[in-house]
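In this text, all values refer to a predicted model and were calculated from it rather than measured experimentally. Residue numbers start from 1 in every chain, and the chains themselves are labelled A, B, ... in the order their sequence lines are given, proteins ahead of strands.
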Protein chains: 2
Amino acid sequence: MVYTIKDVAKQARVSTATVSRILNNQPGYSEKTKAKVLQVIEELGYEPNAVARGLVKKRTHTIGVLFPSVSSLFSGKLLSGIESVTHAKESSVIVCHTQELGSKTMKYLHLLNEKRIDGLIFASEVLKGEYYDYIQKMGVPLVLLATESPEFQVPYVKVSDYQASYSAARYLIEKGHTKIGMISGGDDVIAGIPRIEGFKQALKDHALLPLNEENIFWGEDFGYKEGKKNFPFLLKRFPNMTALFCASDHLAMGAMSAAVEIGMKIPEDLSIIGYDNLPIAEMATPPLTTVEQPLEEMGKRAAAGLFRMLESGDKMRAEIMPHQIIERKTVKHL
Amino acid sequence: MVYTIKDVAKQARVSTATVSRILNNQPGYSEKTKAKVLQVIEELGYEPNAVARGLVKKRTHTIGVLFPSVSSLFSGKLLSGIESVTHAKESSVIVCHTQELGSKTMKYLHLLNEKRIDGLIFASEVLKGEYYDYIQKMGVPLVLLATESPEFQVPYVKVSDYQASYSAARYLIEKGHTKIGMISGGDDVIAGIPRIEGFKQALKDHALLPLNEENIFWGEDFGYKEGKKNFPFLLKRFPNMTALFCASDHLAMGAMSAAVEIGMKIPEDLSIIGYDNLPIAEMATPPLTTVEQPLEEMGKRAAAGLFRMLESGDKMRAEIMPHQIIERKTVKHL
DNA sequence: TTGTAAGCGTTATCAC
DNA sequence: GTGATAACGCTTACAA
């Protein structure tokens, strides 16, 4: 049996209005009736119906999160950050992993709109005009996480891909490397291009840039298989390479695997640095040196920003999170 | 501007009842009015309010999923299976990762109850009496995922830990190993004990069991660090071990790392087999041989079972999923 | 084929 | 302090 506010009211011999006031601790009742009502609530095990409440308050205490499923390792950390602040706000999160890169995004957006979520976090996927327009119509606050929008002015939380890649390359240079290759994860404007540009700029600033970019292999995506597949091609093009920057940890793991398979030793024959600092980086053999994105913290910031917009109504500003190099065992000082 | 069914009705010059009928394609209107209404809906961009609908239908088209956050790699796969069938049912999933092993479980249960979720998937954590009682009161169908309950009769979806571990051990034996060690992940009744028992039984059936179980190291949890920390202890106790079964892939990764650090070669000096087949297993160097739990499929089954209970009302039966050995590179044939 | 109106479980605006 | 009662946006008898 699940009770309603009416049951409580009846049993406590007061009106539903009074019960409601007590539940929402608003003024307007004596201590005595409060005690009585609370007691009845306790007895019945009454819990308010958030659906009804949501209907009148026009606030569901639910936010939506849209992820591309491209890496559950990646989204797991972001999600746990989001969850932790969302739960602290007595709210819950509906997750939507859009399967094959955005194919179902519009469908999920509709679902979330019908559910009247309070706000939306859009993670690590590019915000198409179609999405943006629809979200505007939904009229809920939006924050981008681990992505940004050149086209629309939307608050976001991410590290600077450009700077982080610059740091990675510079780190390698500081370790004495001059023949540095890169495996990139694609040519998207958000993460793909800036990581390449940051890398190139670092080399250029140290007068190391090859003329024809033979040291950069443009892959299709950021996955393990891509890294494994492409490493040999890069090596063929750039055989005297002593260090390698991979645009993701997955890519790095793949490259490492390919390298080991042809008998190379990491880091003796080749230094490798990744990007992300996923849990796997620590577990690799040897443990992977990488540039960290503080994913969990980023999730927290995004959610915190969303709730701020929700509560105070003012716009959230973009937040560039600090990145840092996590030194482990895959880079050798020449 | 977000429109209601009244706006549509007014604009189309019909009653809200008619609009509702059309929306839920129930009988009772001419083709002409239908066309008219649909057109208005299109024009206004009207989308029904699922909150209001949920209030009257007592069905929110939302299910809750409770995870222990102990491994996002693990829950990621389960979640994507759950999501895929849930979304196909036009429903959504609210996720709750209970932080430090169940500390917040009751709190989340209350949250989910207030939200009036239609059903609950309880993943890979032990179902305490307190939880069970409360869920009974909630009155929603429950299915256990990657866990089971000896105490209460609740449908569950999981592999047989006992059999899977037996298989792992037998696999090692078939590869010619006789000195086989194990690092376990704890002594819980669900996953801890059965994996140990299955392992022991396989050895016993092949007359390999040492007298004092010096070949089994009982760890605290299933994590990477635990594997790394405990491997040396096991090795000391059981120095002539040629093969090792780890009760999770994380444990295996940790053990491998520890082994490599003291100069051992995998699989030349030591064969290792894991348990789970997480994404990391494939990415390990060398790639980890392991016994697979079909996590994504398990998630699908659990959700499918839940919806069956929801729709037809009948009880779901427990489903033991098949496990299989994924042969990669960490086990050597002696 | 269509409309009226009650009800879902709350909150909020009035009165008293 | 407290209680009617009208919303909130929908569905669903019951009438017409």
Atom-pair distance ([atom1] on [X]; [atom2] on [N]), nearest Å:
{"X": "A:Y3", "N": "C:dT10", "atom1": "OH", "atom2": "P", "result": "14 Å"}
{"X": "B:I5", "N": "C:dG3", "atom1": "CD1", "atom2": "P", "result": "12 Å"}
{"X": "B:D7", "N": "D:dC10", "atom1": "CG", "atom2": "C1'", "result": "13 Å"}
{"X": "A:K36", "N": "D:dT2", "atom1": "NZ", "atom2": "C1'", "result": "16 Å"}

- Do the rings of B:Y131 and B:F122 sit parallel, tilted or perpendicular, given the 30° and 60° boundaries?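 Taking B:F122 first and then B:Y131, their aromatic rings sit tilted (interplane angle of 30° to 60°).
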SB check [X] [Y] (cutoff 4.0 Å):
{"X": "B:K300", "Y": "B:E296", "value": "no"}
{"X": "A:K158", "Y": "A:E319", "value": "no"}
{"X": "A:K128", "Y": "A:E151", "value": "no"}

- Phosphate contact (D:dT2 OP1 or OP2) by A:S30 side-chain N/O below 4.0 Å: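 Answer yes for this pair, as a side-chain N or O of A:S30 is under 4.0 Å from OP1 or OP2.
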- Item | Stepwise ring pair (Phe, Tyr, Trp, His ring centres under 6.0 Å) check, A:Y46 with A:Y3 | CA-CA 6 Å; A:Y46 164 77; A:Y3 297 97; 8.1 Å; no
- Scan residues 43-55 of chain A against DNA chain D and write down, sorted by residue number, each residue with any heavy atom closer than 4.0 Å; if none is found, say none.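 The answer is A:L55.
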- Message: Can you list, in residue-number order, the parts of residues 14-28 of chain B that come under 4.0 Å of DNA chain D, counting heavy atoms only?
- Response: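 B:A17, B:S20, B:R21, B:N24, B:Q26 - these, ordered by number, are the residues of the stretch whose heavy atoms sit under 4.0 Å from the strand.
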- Message: Side chain of A:K58 only, heavy atoms from C-beta on: which candidate in C:dT11, D:dG9, C:dT10 is closest?
- Response: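 In terms of side-chain proximity for A:K58, the closest of C:dT11, D:dG9, C:dT10 is D:dG9.
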- Counting heavy atoms from C-beta on, name the nucleotide in C:dT11, D:dT12, D:dG9 closest to the side chain of A:K57.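 Nearest nucleotide to the side chain: C:dT11.
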- Query: Is it the case that B:H87 and A:Y108 place a side-chain donor and acceptor less than 3.5 Å from each other?
  - Reply: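 The answer is yes; a qualifying pair exists.
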- Query: Does the side chain of A:K115 pick up a donor-acceptor pair with the side chain of A:T60 at under 3.5 Å?
  - Reply: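 On atom types as modelled, these side chains do not qualify, holding no pair under 3.5 Å.
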- Heavy-atom side-chain proximity of A:Y134 to A:H110 below 4.5 angstrom: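 Contact flag for A:Y134/A:H110 side chains = yes.
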